[in-house]
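Let me begin by presenting the structure, written as structure tokens, before commenting on it.
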There are 2 protein chains.
Amino acid sequence: METALHGKHKAQAEAHDAEPMFDLIELLFFAYRDFVGDADRLLESYRFGRAHHRVLHFVNRQPGLTIAELLDILKITKQSLSRVLKELLDQNFVEARAGVADRRQRHLYATAKGRKLALDLAHLQSRRFARALDALPANARQDAIRFLMAMIDPSDQDEVKSLVWPQGARPAP
Amino acid sequence: METALHGKHKAQAEAHDAEPMFDLIELLFFAYRDFVGDADRLLESYRFGRAHHRVLHFVNRQPGLTIAELLDILKITKQSLSRVLKELLDQNFVEARAGVADRRQRHLYATAKGRKLALDLAHLQSRRFARALDALPANARQDAIRFLMAMIDPSDQDEVKSLVWPQGARPAP
DNA sequence: CAAAATATGTCAGCGCTGTTGCCATATCTC
DNA sequence: GAGATATGGCAACAGCGCTGACATATTTTG
């Protein structure tokens with residue numbers, strides 16, 4: 001009953017007659033652990049955790065983000081967000097301005113202080129990518145981008161694309 | 001003062017005169033989130049968390065692992081390990097046998113039940129890799145392996161290599 | 001306009017998983 | 001026999017995810 005419709009990794013796609021890809025599973029685990037470890041060490045000196053990092057990162061990347069949009073990106077609950085957001089607001093890494101069109105909304109912006117920390121963290125993590133890519137052929141960067149994108153749930157890929165490569169900033173409210 | 005000694009990504013390696021690689025940073029975040037999400041859903045039905053998964057995974061992969069070796073791989077503290085290991089032992093997913101050469105050591109083995117769960121989880125995660133690779137050129141698997149390995153701390157790469165591609169099983173104690 | 005829907009805030013409480021510090025026991029090595 | 005080692009256990013704490021319930025301001029809708 002075989003057809004030609006299957007992809008080239010057919011055997012691997014049919015879970016139980018293929019060896020699991022232990023190598024990829026383990027390498028992704030170790031790579032991600034080291035990747036977040038870089039940021040963890042810097043965050044510690046601010047007494048921030050990973051949750052603060054994620055909020056600050058996306059607010060810095062998308063100035064004017066609302067609470068609801070942030071919740072959608074992070075896929076966490078309001079309560080989990082508000083704990084860390086409150087600290088970022090109190091300590092002046094992020095500021096919130098009421099929406100103009102809809103005054104219920106709070107648009108979030110990184111302050112100068114917040115932008116600096118967000119950039120420091122991004123540079124740290126970029127250094128790891130740069131070191132890795134330096135040891136690989138020139139096309140490795142594009143290959144890595146395509147691989148990581150393909151690993152994301154297909155139903156989310158379009159959304160991630162527009163988040164990662166935004167098409168024109170939104171006007172300030 | 002430039003020399004020819006720098007790598008081909010020199011500009012990116014010098015943190016503060018290069019744009020951070022926001023795309024890679026964000027893609028790795030989303031890819032890893034979806035990757036562990038697969039396992040999370042299955043683990044939930046056993047009332048296990050990610051920590052249980054990691055312990056079960058490495059014990060299954062390296063039968064006869066001792067506590068100290070496991071702590072070294074996972075880089076967590078004894079207390080964090082013993083909580084989840086105790087549950088895996090109590091519920092018969094893992095069993096411990098005293099060492100023969102050194103009776104202080106406890107060598108850990110996945111039971112049949114434990115091996116089945118470990119394999120189910122690995123198959124789940126392999127399916128995501130298979131789906132991703134299916135959409136990419138034939139060399140994507142090797143490229144991904146090389147990329148992920150390069151992302152790991154260079155000082156740990158040799159250790160990870162021998163862990164991911166073991167060179168001959170150890171004799172049962 | 002009144003009612004319903006929406007965006008957000010807040011509180012109490014819980015679960016998982018990481019941490020430190022300290023002490024106990026069995027065993028091995030010198 | 002003394003000291004090092006492998007492991008176990010307890011208390012306490014932190015970070016960050018969750019749910020459920022309730023409050024407020026604002027916008028939208030019938």
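Here is the naming used below: chain letters follow the sequence lines, and residue numbers restart at 1 for every chain.
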- [ ] Measure distances between side-chain N and O atoms of B:R83 and base N and O atoms of C:dG18, and say whether any donor-acceptor pair falls under 3.5 Å.
- [x] yes
Open item on the list: If you compare all heavy atoms of B:H52 against all heavy atoms of B:G49, which two are closest, and at what distance to 0.1 Å?
Closed with: ND1-N, 2.9 Å
- [ ] Identify, between A:D102 and B:S82, the residue whose nearest nucleotide on DNA chain D lies closer to the 5' end.
- [x] B:S82
Task: N or O in side chain of A:H52 less than 4.0 angstrom from D:dG15 OP1/OP2 - done: no
Open item on the list: In this structure, how many angstroms lie between the P atom of C:dG15 and the CD atom of B:E44, rounded?
Closed with: 14 Å
TODO: State which residue, out of B:R33, B:R50, B:H53, fulfils the side chain to side chain donor-acceptor pair (under 3.5 Å) condition with B:D40.
DONE: B:R50
- [ ] Take the protein atom CZ of A:R33 and the nucleotide atom C1' of C:dG18, then report the distance between them rounded to whole Å.
- [x] 13 Å
- [ ] Report yes if the side chains of B:N60 and B:V94 come closer than 4.5 Å at any heavy-atom pair, otherwise no.
- [x] no
Open item on the list: What contact category does B:S80 fall into here, base, sugar-phosphate, or nothing, at under 4.0 angstrom with non-hydrogen atoms?
Closed with: base
Open item on the list: Reading 5' to 3' and counting Watson-Crick or G-U wobble pairs with both distances under 3.5 Å, write the dot-bracket notation for DNA chain C, | for bases paired outside the strand.
Closed with: ||||||||||||||||||||||||||||||
TODO: Count the heavy atoms of every other residue, nucleotide or ligand shown that sit under 6.0 Å from NZ of A:K113, and state whether that count exceeds 12.
DONE: yes
- [ ] Find the distance B:I67:CD1 to D:dG9:C1' and express it as a whole number of Å.
- [x] 13 Å
Open item on the list: Please confirm whether the shortest side-chain N or O distance from A:T77 to OP1 or OP2 of D:dC18 is below 4.0 Å.
Closed with: yes
Task: Salt-bridge present (B:D23, A:R141; N to O < 4.0 Å) - done: yes
Task: Close side-chain approach of A:D38 and A:L121, heavy atoms under 4.5 Å - done: no
Open item on the list: Both A:G49 and B:L85 contact DNA chain D. Which one's nearest nucleotide lies toward the 5' end?
Closed with: B:L85
- [ ] Would you indicate whether the side-chain heavy atoms of A:D143 and B:F147 approach each other to under 4.5 Å?
- [x] no
- [ ] Looking at every strand, decide which applies to B:K86 at a 4.0 Å heavy-atom threshold: base, sugar-phosphate, or nothing.
- [x] nothing
Open item on the list: Within the 4.0 Å heavy-atom criterion, would you say A:R47 contacts the bases, only the backbone, or no part of the nucleic acid?
Closed with: nothing
TODO: Grab the CD-P distance between A:E87 and C:dT10 for me, whole Å please.
DONE: 13 Å
Open item on the list: Rounded to whole Å, please give me the gap between CD in B:Q79 and C1' in D:dA14.
Closed with: 14 Å
TODO: Output yes when A:R47 and A:E87 qualify as a salt bridge under the 4.0 Å nitrogen-oxygen rule, no when they do not.
DONE: no
Task: Separation of atom NZ in B:K78 from atom P in C:dT19, rounded to whole Å - done: 13 Å
Task: Under-4.0 Å side-chain N/O to phosphate OP1/OP2 contact, A:R50 with C:dG18 - done: no
TODO: Please say whether the positively charged group of A:R97, taken as NZ for Lys or CZ for Arg, lies over the ring of A:Y109, i.e. under 6.0 angstrom from the six-membered ring centre and within 45 degrees of the axis.
DONE: yes
- [ ] Report the C-alpha separation of A:K116 and A:L119 in whole Å, then their side-chain angles, then the decisive distance to 0.1 Å, and conclude whether the side-chain contact (heavy atoms from CB on, under 4.5 Å) test is met.
- [x] CA-CA 5 Å; A:K116 171 158 190 338; A:L119 267 185; 5.9 Å; no
TODO: Check the distance between C:dA5's C1' and A:Q105's CD and give it to me in whole angstrom.
DONE: 14 Å
Open item on the list: Side chain of B:T66, heavy atoms from C-beta onward: which of D:dT7, D:dT27, C:dG18 has the nearest atom to it?
Closed with: D:dT7
Below 3.5 Å between N/O atoms, which protein atoms pair up with nucleotides 2-5 of chain D? Just atom names and distances, please.
{"unit_1": "D:dT5", "atom_1": "O2", "unit_2": "B:R104", "atom_2": "NH1", "d": "2.4"}

- [ ] Starting at atom CD1 of B:I76, determine the distance to atom C1' of C:dC16, rounded to an integer number of angstrom.
- [x] 12 Å
